[in-house]
A.B. asks: 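One structure, pasted below without further comment.
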Protein chains: 2
Amino acid sequence: MLVTSASPVKRPYAARLPPAERREQLLEAAQAIALDRGFHAVTIDGVAKACGVTRPVVYGAFEDRTALLTGMLDRAEQRVILQLAGVFPPVPGADDDVDPDDLLVQGITAYLTAITSDPDTWRVILVPPEGAPPELAERVARQRRLQLRALRGLLEWGLRRRGGPDVDAELFTRAVFTLAEGAGRLLLEHPDRWTVEQVARFARVTLASLHP
Amino acid sequence: MLVTSASPVKRPYAARLPPAERREQLLEAAQAIALDRGFHAVTIDGVAKACGVTRPVVYGAFEDRTALLTGMLDRAEQRVILQLAGVFPPVPGADDDVDPDDLLVQGITAYLTAITSDPDTWRVILVPPEGAPPELAERVARQRRLQLRALRGLLEWGLRRRGGPDVDAELFTRAVFTLAEGAGRLLLEHPDRWTVEQVARFARVTLASLHP
DNA sequence: CGTTATTGCTACACAGGTGTAGCAACACAG
DNA sequence: CTGTGTTGCTACACCTGTGTAGCAATAACG
């Protein structure tokens, strides 16, 4: 198209979207950029360009860059909470016929299945892209404390039911949790090399060797 | 001191330092800022101010901000390599009278002692401040691979000497390494709550319960 | 079909950080 | 004590990103 210098090109308008859809689109774009190039690359202009709009459109959906990042983290956190809903069952009763090792392996399997079912969300949490804001660390720490508390109850029950080994329950809980998260990272970083099944088998064999 | 508006205040010159000392001072300041407020706060101006000089002085020691960050990571990496020099001994011979569990606990103790002896350097690595550059992740990954390789040789020997358990050696190595790093983070994040001795005791008891 | 309300765009201003040319100050050597 | 070489400073230019006022375009409603 021939354009004279006297009539500068005006960009065609982007298709209109209702505000809720626009927000969702912007948040998806923000997360994709964070995972691809790091949180520092999540700029107002970068997200606008990724969605084919201009900066005021982003400002129409979010107060500022901080609000955009907060929205992104809200979204990831809500998904994680939903996916972990069934991972930590209530502590079994004294009369319940439940094998503690089976319960733990099931929990680990559920946790890793959640991770592999939504890798992008979990990558933000377990393998945070560079330039991650402090708020991410705060949310991760908060969720981790909740998960540790739930896990500890289960493991204390399991250690009693098993009759040992005689280890510090808090350190044991942290060790199990660290291993589960580490396995999660492994599956995210090497999805073609490791599977949930392999990790579950490893956990089962190791528990079988862990005498009371 | 009374200063007329016609003679603007000129800052007094900072004390002169030979270039090598100035570099060291700037690198120390850069690391302190990174740990206190994140890598994004490590600016040329920020480091200059922390050292009581102006930006050209920083540019006199480092080509640019990237070179400053690289220098900081070089320093941390060199310290880590030095501190880990004795942590991974050569794999014992078939006739060596060495208890594999003792060897592992000694290795974990040496590793955690290195961490607690120079917490600032290890914090950059194990609990990276927000805004960490990609280069940090690359260096950490490279060091981790070297450490995993050394550890795997030792653990394979240990599993053979022990006669089991019958687990995937690579997963077992990763699990042990993940636990050691997790313990390192724990000691960095909660130095008043946990000690190397507690972790070593936990490792010893857990290994004692891990039958072949 | 015209009007209105809503969503998107242009152009502007501002702030923070990078990087440097040329000058200033000072420590050391003769 | 003077001169020189080395280290530090001021002031300037530039770049990238943030944030917004006012206008433009468009979709929906009557």
A.B. asks: If you only use heavy atoms from C-beta on, which nucleotide in D:dT18, C:dT7, D:dT7 is closest to the side chain of A:Tyr59?
C.D. replies: D:dT18
A.B. asks: Which nucleotide sits closest to the side chain of A:Arg11: C:dC9, C:dG8, D:dC9?
C.D. replies: C:dC9
A.B. asks: Any residue in residues 48-56 of chain B with a heavy atom nearer than 4.0 angstrom to DNA chain C? Just list them by number, or reply none.
C.D. replies: B:Arg55, B:Pro56
A.B. asks: Which whole-number value in Å describes the distance from B:Asp45 CG to C:dT20 P?
C.D. replies: 15 Å
A.B. asks: For B:Ala14 and A:Ala14, take the nucleotide of DNA chain D holding the closest heavy atom to each; which residue's nucleotide lies nearer the 5' end?
C.D. replies: B:Ala14
A.B. asks: Ring-plane angle category for A:Tyr111 and A:Trp122, please: parallel below 30°, perpendicular beyond 60°, tilted otherwise.
C.D. replies: perpendicular
A.B. asks: Distance check needed: D:dT18 P versus A:Ile44 CD1, whole Å only.
C.D. replies: 6 Å
A.B. asks: Are the side chain of B:Gln198 and the backbone N or O of B:Thr195 linked by a donor-acceptor pair below 3.5 Å?
C.D. replies: yes
A.B. asks: With a cut-off of less than 4.0 Å, is there a side-chain N or O of B:Arg16 near OP1 or OP2 of D:dG8?
C.D. replies: no
A.B. asks: Look at B:Glu197 together with B:Arg201 and state whether they make a salt bridge at an N to O cut-off of under 4.0 Å.
C.D. replies: no
A.B. asks: Round to a whole Å and report the spacing from NE2 of B:His40 to P of D:dT16.
C.D. replies: 21 Å
A.B. asks: For A:Val57 and for B:Asp64, locate the closest nucleotide of DNA chain C by heavy-atom distance; then report the residue assigned to the nucleotide nearer the 5' terminus.
C.D. replies: A:Val57
A.B. asks: Would you kindly give the CZ-to-C1' distance between A:Arg65 and D:dT20, to the nearest whole Å?
C.D. replies: 19 Å
A.B. asks: Of the candidate nucleotides D:dG8, C:dG19, D:dA25, which contains the atom at the shortest distance from the side chain of B:Tyr13?
C.D. replies: D:dG8
A.B. asks: Salt-bridge test for A:Glu135 and A:Arg142: reply yes if a basic N is under 4.0 Å from a carboxylate O, no otherwise.
C.D. replies: no
A.B. asks: Using a strict cut-off of less than 4.0 Å between a Lys/Arg side-chain nitrogen and an Asp/Glu carboxylate oxygen, indicate whether A:Asp118 and A:Arg79 qualify as a salt bridge.
C.D. replies: yes
A.B. asks: Given atom CZ of A:Phe39 and atom C1' of D:dG17, what is their separation to the nearest angstrom?
C.D. replies: 18 Å
A.B. asks: Keeping the roles fixed (side chain from A:Arg65, backbone from A:Ile44), state whether a donor-acceptor pair exists under 3.5 Å.
C.D. replies: no
A.B. asks: Is any side-chain heavy atom of B:Leu171 closer than 4.5 Å to one of B:Val167?
C.D. replies: no
A.B. asks: Rounded to whole Å, how long is the line connecting atom CZ of A:Arg37 with atom P of D:dT16?
C.D. replies: 14 Å
A.B. asks: Give the nucleotide from the list D:dG17, C:dG17, D:dG19 with an atom nearest to the side chain of A:Thr43.
C.D. replies: D:dG17
A.B. asks: Round to the nearest Å and state the distance from A:Glu21 atom CD to C:dT7 atom P.
C.D. replies: 11 Å
